[in-house]
Amino acid sequence: MLSFGRTRTQPRSNRSMSLGGMDFSDPKRKNNVVGKILLAASLTAVCIIMLKQSPTFNSPSPFSLREDGVIHVLVTGGAGYIGSHAALRLLKDGYRVTIVDNLSRGNLGAVKVLQELFPEPGRLQFIYADLGEPKTVNSIFSQNAFDAVMHFAAVAYVGESTVYPLKYYHNITSNTLVVLESMAANDVKTLIYSSTCATYGEPEKMPITEDTPQVPINPYGKAKKMAEDIILDFSKNSDMAIMILRYFNVIGSDPDGRLGEAPRPELREHGRISGACFDAARGIVAGLKVKGTDYKTHDGTCIRDYIDVTDLVDAHVKALEKAMPGKVGIYNVGTGMGRSVNEFVHACKKATGVDIKVDYLPRRPGDYAEVFSDPSKINRELNWTAQYTDLQKSLQVAWRWQKSHQNGYGSPLVMAS
């Protein structure tokens, strides 16, 4: 029912009035609006014509195309310490590289260094994304023509994993499943998986071979072994080429000083011993904390196999070159030499020229006494041998980068949520 409350004495305006829920506009105003719409449509059409005449309009991204002689590698975690060094090596060798990283542990500064070194179109792209989001990951795979994946992305601190185990199972195991599913759905045929000697736990016999039983003793090692198991189960009914590299304790940095290790300050207590040594040498922390002096080793401290990051990356590239469809290769990547933490500290003092103060503390949860590799299988099958085996020299190279990058790569990027 329509209600007319009062009679109008003023002239009728040009505004719309509502009757029973229906809008009736003044004809003159309607014509004006129609004219504006037609003008906007005309301008839009002109813009489209101009864009179509541009040589770049509708040109597909080179990353979405396959080209003869060009191998496109997705490097997950490519803004991190090891991943960025791997991306550098791949780019130097002529590969096309896409880095996917959520920057929770990586550094945008490392990506910028790579972009400055390889600015040519179609060489390198960076995608900010979280591998824990399946739809996002699958979209990345569907929009890019990947030939292979080097899967580095992972949280990777033994001590932290004992405090936040669920975080490690999500980040390592679940995210690897997401990557593998997207690879299968988008017909990506080669996977180089970054695993760890932590999957072996504390073996009874040294050195560790690829046949040594895997009995991990901390959530980091357990999560990595679960991811390996998923990959191996999938491989039984797949023609995917798979290489699993179980590597030992990584040190060093790019010999030419372009990249280095720059962990988040809040993660220092969980980080690598090399970072802790450098922090002590620079006075960032009061001294170096050595956790555990009662292990059954020659000097009571843990024994580890320290592998230079340049050698480690070389192993990944050789694995990529040798990967065969329908085959799985599993390799230890180490030097075959065990050095104690005390020996490492002595080498670090020599490398930095600083008499670092050392505090000896109780054992860290989840650590094991002695771990070093037998690299004969990778020597034999991939023709790989560690070249940078002088502990002090590797630390000197890393120390030069640390001294020239007092703030790492600069302030970490804060991404808008």
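- Between V73 and I192 there is no side-chain heavy-atom pair separated by less than 4.5 Å.
- Counting only N and O atoms by type, the side chains of D211 and T209 include no donor and acceptor under 3.5 Å apart.
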_Test log, rule side-chain contact (heavy atoms from CB on, under 4.5 Å), inputs N144 and I127_ = CA-CA 11 Å; N144 291 276; I127 300 173; 4.1 Å; yes
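- Distance CG/L191 to OG1/T176: 8.5 Å, rounded to 0.5 Å.
- E160 and K167 are joined by a salt bridge, as a carboxylate oxygen and a charged side-chain nitrogen come within less than 4.0 angstrom of each other.
- In this structure, M243 and L382 have side chains that are in contact, with non-hydrogen atoms separated by less than 4.5 Å.
- F141 has its ring centre less than 6.0 Å from the ring centre of F146.
- The distance from the CG atom of L166 to the OG atom of S161 is 11.5 Å, given to the nearest 0.5 Å.
- Annotation: K189, atom NZ; neighbour count of heavy atoms from other residues, nucleotides and ligands within 6.0 Å is above 12.
- Rounding to the nearest 0.5 Å gives a distance of 8.5 Å between OG of S253 and CG of L259.
- Y200 and N332 form a side-chain donor-acceptor contact under 3.5 Å, judged by distance and modelled atom types alone.
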_Applying side-chain contact (heavy atoms from CB on, under 4.5 Å) to Y306 and E343, what does each step give before you reach the verdict?_
CA-CA 11 Å; Y306 295 99; E343 290 170 331; over 6 Å; no
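- Within the 4.5 Å cutoff, no side-chain heavy atoms of P375 are placed close to those of T335.
- Classified by interplanar angle (parallel below 30°, tilted 30° to 60°, perpendicular above 60°), the ring pair H151/Y193 is tilted.
- Between the side chains of R272 and Y81, not a single donor N or O lies within less than 3.5 Å of an accepting N or O.
- Between Y247 and H316, the gap from one ring centroid to the other is short of 6.0 Å.
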*asked:* side-chain contact (heavy atoms from CB on, under 4.5 Å) for E261 and V309? Distances and angles first, verdict last.
replied: CA-CA 10 Å; E261 183 178 12; V309 68; over 6 Å; no
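- A donor-acceptor contact under 3.5 angstrom links the side chains of T98 and H72, judged on distance only.
- For the pair M337 and L391, the minimum side-chain heavy-atom distance is 4.5 Å or more.
- Note: W401 and H405 have parallel aromatic rings, judged against thresholds of 30 and 60 degrees for the angle between ring planes.
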_Does T199 form a side-chain hydrogen bond (donor to acceptor under 3.5 Å, both in side chains) with Q214? I'd like the steps, not just the answer._
CA-CA 5 Å; T199 63; Q214 289 177 287; 2.9 Å; yes
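- Residues T352 and F278 have side chains in contact (heavy-atom distance under 4.5 Å, counting atoms from C-beta outward).
- A donor-acceptor contact closer than 3.5 angstrom is absent between the side chains of N342 and S340.
- Looking only at side-chain heavy atoms (C-beta outward), E116 and R258 stay at 4.5 Å or farther from each other.
- Between F248 and V333, every side-chain heavy-atom pair lies at or beyond the 4.5 Å cut-off.
- Salt-bridge check for E381 with K327: failed, with every basic side-chain N at 4.0 Å or more from each acidic carboxylate O.
- Atoms CG and CZ, on D367 and R304 in that order, are 5.5 Å from each other to the nearest 0.5 Å.
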_Step-by-step side-chain contact (heavy atoms from CB on, under 4.5 Å) determination, V113 to Y409_ = CA-CA 9 Å; V113 168; Y409 289 104; 4.3 Å; yes
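- Open room surrounds NZ on K112; 12 or fewer heavy atoms of other groups in view lie less than 6.0 Å from it.
- Side-chain contact check for F234 versus M183: every heavy-atom pair is 4.5 Å or farther apart.
- Smallest separation of non-hydrogen atoms from L131 and A153: CD1-CB, 3.7 Å.
- Atom-to-atom distance recorded for T173:OG1 and K224:NZ is 9.0 Å, nearest 0.5 angstrom.
- With rounding to the nearest 0.5 Å, the separation of NZ in K350 from CG in L395 is 13.5 Å.
- For the residue pair D314 and Q387, no side-chain donor N or O sits within less than 3.5 Å of a side-chain acceptor on the partner.
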